[in-house]
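Please read the structure below before turning to the comments.
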Amino acid sequence: LSSQWKVNQAMAQKRELFRVAIDRIGQIQRGSETLPCKVVDLSEKGFQLCVEGNFSAGEVLHLEFPLSENDPVACTVQVTHVRPPHLGAVIAGISPDHQAQLSCFIDQLNALNMTGF
């Protein structure tokens with residue numbers, strides 16, 4: 001097997017879930033500190049956020065943002081990478097209801113995007 005094929009397979013496994021670009025204002029809580037953030041994209045397993053402040057990989061934060069007008073999502077996330085002002089975070093804890101809302105939201109957006117082709 002070629003090394004390029006192995007690299008492509010590894011990247012495919014790392015990004016097995018589609019990321020959906022969105023633009024939502026939310027907030028991150030770290031201890032007693034609450035910071036505004038922007039959710040730049042999401043998948044069923046995590047988020048990319050734009051937020052001011054110093055964060056480090058492994059840090060656990062509480063994230064809240066509205067998926068739509070009547071669908072707030074709250075979850076615990078763990079920072080996976082930091083490239084200020086962006087950070088990536090994987091969902092560490094989420095209620096089944098909020099996970100279902102997130103999955104449904106992504107499915108709806110993907111369906112809308114697919115009809116554009």
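Bear in mind the structure is a predicted one, so any value in this text is a computation, not a measurement. Both backbone and side-chain heavy atoms feed into the values below; hydrogens, waters and symmetry mates do not.
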Answer yes or no: is there a donor N or O on one side and an acceptor on the other, between the side chain of [X] and the main chain of [Y], under 3.5 Å?
{"X": "Gln108", "Y": "Phe105", "result": "no"}
{"X": "Gln78", "Y": "Val60", "result": "no"}
{"X": "His62", "Y": "Gln29", "result": "no"}

Could you work out, with ring pair (Phe, Tyr, Trp, His ring centres under 6.0 Å) as the rule, every residue matching Phe55, not counting sequence neighbours?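 Once residues adjacent in sequence are excluded, Phe55 has no partner under the ring pair (Phe, Tyr, Trp, His ring centres under 6.0 Å) criterion.
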
Apply side chain to side chain contact (heavy atoms under 4.5 Å, CB included) to residues Thr76 and Ile91 and explain how you reach the verdict. CA-CA 6 Å; Thr76 304; Ile91 296 172; over 6 Å; no

Taking side chain to side chain contact (heavy atoms under 4.5 Å, CB included) as the test, write out the residues that go with [X], two or more places apart.
{"X": "Glu33", "result": "Arg30, Leu35"}
{"X": "Pro85", "result": "Cys50, Glu52"}
{"X": "Ser68", "result": "Asp71"}
{"X": "Asp107", "result": "Glu44"}

Matching residue for Phe47 among Leu102, Leu87, Val90 - test: side chain to side chain contact (heavy atoms under 4.5 Å, CB included): Leu102

Of the non-hydrogen atoms in [X] and [Y], which two are nearest, and what is the gap between them?
{"X": "Val40", "Y": "His86", "value": "CG2-CD2, 4.1 Å"}
{"X": "Val51", "Y": "Cys37", "value": "CB-CB, 3.8 Å"}
{"X": "Ala89", "Y": "Thr80", "value": "N-OG1, 3.7 Å"}

Is the shortest side-chain heavy-atom distance between [X] and [Y] below 4.5 Å?
{"X": "Phe65", "Y": "Val73", "result": "yes"}
{"X": "Leu49", "Y": "Leu63", "result": "yes"}
{"X": "Cys104", "Y": "Gln101", "result": "no"}

Tell me, which pairs form a ring-ring contact (aromatic ring centres under 6.0 Å, His included) where one or both residues lie in residues 19-42, sequence neighbours left out?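 Every pair satisfying ring-ring contact (aromatic ring centres under 6.0 Å, His included) with a residue in residues 19-42: there are none.
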
To the nearest 0.5 Å, what is the distance between [atom1] on [X] and [atom2] on [Y]?
{"X": "Leu67", "Y": "Leu42", "atom1": "CG", "atom2": "CG", "result": "7.0 Å"}
{"X": "Arg19", "Y": "Ile106", "atom1": "CZ", "atom2": "CD1", "result": "10.5 Å"}
{"X": "Glu64", "Y": "Ile25", "atom1": "CD", "atom2": "CD1", "result": "14.5 Å"}

